[in-house]
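The next block holds one structure in the form of structure tokens; read it before the comments.
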Amino acid sequence: MRAGYPGWMPDLRACAAQLNDDRHVVGYASGNFGKAIFLGSIDITLLFLLTDVIGMPAREVSLLMLIVFLGDLAFDIGAGVLAAHADRRGIGYPRLIALCVLPCACAFGALYALPLLQAKSFVLIAALLLLLRATYALIDVPHNSLLARVTTDSHARGRASGYRTLFSAAASIVVATVIAPSMNASAGQATPERMAWLGAGAGVLFCATLLMAAWSSRTAGELHGSVPRQGASSGWLPKPDRLFGAIAVVAVVTGFAIPMFAKTLLYLCTYVLDDAGFAGRVLLTLALSGIAGATLWIALVRRHDKTTLLALSHGVAATGIVLFACAGEQRALLLACAALAGIGLAGVGMLPWGILADIVDFSEFRYRERRETVAFAAILVLLKAGGAAALATIGWTLGQLGYVPGAVQTPAVILALKVLAFGVPVLGSFIAILVLLRLDIGHTMHARVRRVNGLRRLARAGQAMQAPVRTTTPRLAA
């Protein structure tokens with residue numbers, strides 16, 4: 001440690017040097033800016049767009065989200081198998097990403113052009129959403145799978161996850177300041193022309209950043225001439241074990257429970273606080289605090305295991321949400337609580353990806369088979385299907401309780417919004433913490449497993465070795 005730096009503070013000069021070494025990882029992570037524009041826009045505005053702007057009944061929206069949920073089950077697993085096949089044929093993840101960017105961006109722009117086109121057909125909207133999800137899956141699965149290849153070190157994967165979160169937070173600022181305010185129909189901002197232009201602009205950003213990420217991504221083997229990697233397996237599903245089961249539970253919480261706070265924010269601000277414009281300020285606070293949070297977790301991951309930090313981030317996020325629920329209508333206090341929640345949410349969204357990349361290595365060690373793309377695809381199924389299920393749950397609940405867009409809501413609707421926004425995320429974080437406390441796969445254990453995997457690959461490649469391959473199995477605690 002350098003003189004003048006307390007033990008709990010990161011050495012900023014060391015962090016800057018590390019960032020310079022991680023330039024190719026930063027290039028890879030930049031793709032999350034475009035992905036977060038896509039996901040953030042849909043998460044925050046899709047339900048409100050369909051119910052309050054287009055005028056689709058809440059029950060129809062719930063059915064629509066169920067269709068999307070079923071589509072995601074097929075699309076992400078199919079994308080994982082296709083990406084593995086393309087990788088074995090030498091196409092590679094970056095090229096597959098580049099091929100699918102334009103169709104996905106066009107479908108995204110068309111979604112926000114629906115009001116301008118005066119399109120309200122359920123079948124048309126469902127087909128458009130399914131096309132959007134299918135093309136996005138062919139981008140998202142290989143991009144996430146690249147995390148297991150751009151670096152092999154457990155610490156570096158934690159930093160890579162942090163860089164992804166920083167880009168996602170920057171995109172969230174765009175969503176909070178530009179896209180979310182356009183949904184304020186009461187202020188006359190939700191005009192069809194404005195939303196069509198926003199969809200087109202977001203689509204251009206999506207294309208530019210994903211193409212940049214695909215171009216700049218370099219695998220650890222390409223950079224350092226490391227041992228040959230094992231190609232992705234052709235299996236349809238990841239190997240079932242306790243490690244993958246644990247990260248699957250965390251994914252369910254991350255996809256379904258945690259985003260409930262943001263997904264209901266427009267409704268809370270419109271019908272509980274009677275200030276629809278306040279939602280943009282809360283979203284902006286979450287985004288800015290997310291940048292601070294990601295920076296904090298990146299610094300801490302150099303010395304602490306990712307599972308420990310993820311449990312801590314869930315605790316911070318849950319605390320911020322509970323305080324937000326208790327803050328009443330005090331705007332400054334609400335924003336302060338949102339800032340605390342945003343710091344925790346940055347870790348909640350960032351750290352599971354680095355943990356999953358490590359679990360792929362643990363699975364390769366145990367089964368001598370690397371099902372990389374299907375592991376990421378399976379987690380993405382849980383995350384995105386969980387998000388769709390969350391939207392369906394919100395839509396179904398509001399429809400059952402008699403929600404009427406633009407009207408004064410009944411006490412039952414207000415109570416349901418509060419339970420969904422506050423109770424569900426806090427309960428989810430509690431479950432995730434219990435799981436993570438039993439997941440002992442830290443940096444040291446991963447380094448041992450990675451060394452054995454490397455020696456096995458050398459043996460399979462027939463390369464000369466100065467020492468025999470060690471086959472002693474390290475003790476794995478899950």
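Along the sequence shown, the residues carry numbers beginning at 1.
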Quiz item: Please walk me through it: do I125 and E60 pass side chain to side chain contact (heavy atoms under 4.5 Å, CB included)?
Solution: CA-CA 11 Å; I125 296 174; E60 286 191 13; over 6 Å; no
Exercise. Show your reasoning for whether side chain to side chain contact (heavy atoms under 4.5 Å, CB included) applies to I77 and V374.
Key: CA-CA 7 Å; I77 293 296; V374 293; 5.8 Å; no
Quiz item: Stepwise, does the side chain to side chain contact (heavy atoms under 4.5 Å, CB included) test hold for V360 with R149?
Solution: CA-CA 11 Å; V360 169; R149 297 190 182 180; over 6 Å; no
Quiz item: Can you list the steps and then say if L340 with S289 is a side chain to side chain contact (heavy atoms under 4.5 Å, CB included)?
Solution: CA-CA 7 Å; L340 178 63; S289 61; over 6 Å; no
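Evaluation of the salt bridge (charged side-chain N to carboxylate O under 4.0 Å, His left out) test over residues 349-359, restricted to residues two or more places apart or in two chains, returns R157-D358, K306-D358. Sorted by first then second residue, the ring-ring contact (aromatic ring centres under 6.0 Å, His included) pairs that include residues 382-413, not counting sequence neighbours, are Y267-Y403, Y271-Y403.
Across all their heavy atoms, L138 and C100 have their closest contact at CB-SG, 3.6 Å. Across every non-hydrogen atom of L50 and V61, the tightest pair is CB-CG2, 3.9 Å. Closest non-hydrogen pair, G162 versus A294, comes out as O-CB, 4.0 Å. The two residues T209 and S30 have their closest heavy-atom pair at CB-O, 3.9 Å. Considering every non-hydrogen atom in both V68 and R133, the closest pair reads CG1-NE, 3.4 Å. For I247 against P352, the heavy-atom pair with the smallest separation is CD1-O, 4.1 Å.
A distance of 10.5 Å separates SG of C326 from CG of L334, quoted to the nearest 0.5 Å. To the nearest 0.5 Å, atoms CE (M350) and CG (L309) are separated by 7.5 Å. Once rounded to the nearest 0.5 Å, the distance linking CE of M56 with CG of L64 reads 5.5 Å. Distance OG1/T393 to NZ/K263: 10.5 Å, rounded to 0.5 Å. How far CG of L128 is from CG of L114: 6.0 Å, rounded to the nearest 0.5 Å. Atom CG of L398 is separated from atom CG of L417 by 5.5 Å, given to the nearest 0.5 angstrom.
Inter-residue side-chain proximity for V272 and E329 is flagged as unmet; no heavy-atom pair is nearer than 4.5 Å. Under the 4.5 Å side-chain criterion, counting only non-hydrogen atoms from C-beta, L146 is in contact with I97. The shortest side-chain heavy-atom distance between I139 and F38 does not fall under the 4.5 Å cut-off. Here the side chains of L273 and L268 are not in contact, with every heavy-atom distance at 4.5 Å or above. Between L288 and L284, the closest side-chain pair of non-hydrogen atoms falls below 4.5 Å. The closest side-chain heavy-atom distance from I291 to L166 is below 4.5 Å. The closest side-chain heavy-atom distance from P411 to L415 is not below 4.5 Å. Taking 4.5 Å as the limit, some side-chain heavy atom of L130 sits within range of a side-chain heavy atom of F75.
Aromatic ring centres of F430 and H314: separated by at least 6.0 Å. Remark: aromatic rings of Y112 and F108 are close, center separation under 6.0 Å.
Checking side-chain atoms of D140 against main-chain N and O of Y136 turns up no donor-acceptor pair under 3.5 Å. For S363 (side chain) and I359 (main-chain N/O), no donor-acceptor pair under 3.5 Å exists by modelled atom type. S313 places a side-chain N or O within donor-acceptor distance of the main-chain N or O of L310, the cut-off being under 3.5 Å. At least one donor-acceptor pair closer than 3.5 Å links the side chain of S161 to the backbone N or O of G354. With hydrogens and angles disregarded, a donor-acceptor distance shorter than 3.5 Å links the side chain of W297 to the backbone of I343.
Between F422 and F261, the ring planes lie tilted relative to each other; the angle falls in the 30° to 60° range.
For R331, the salt bridge (charged side-chain N to carboxylate O under 4.0 Å, His left out) partners two or more places apart in sequence, or in a different chain, are D275.
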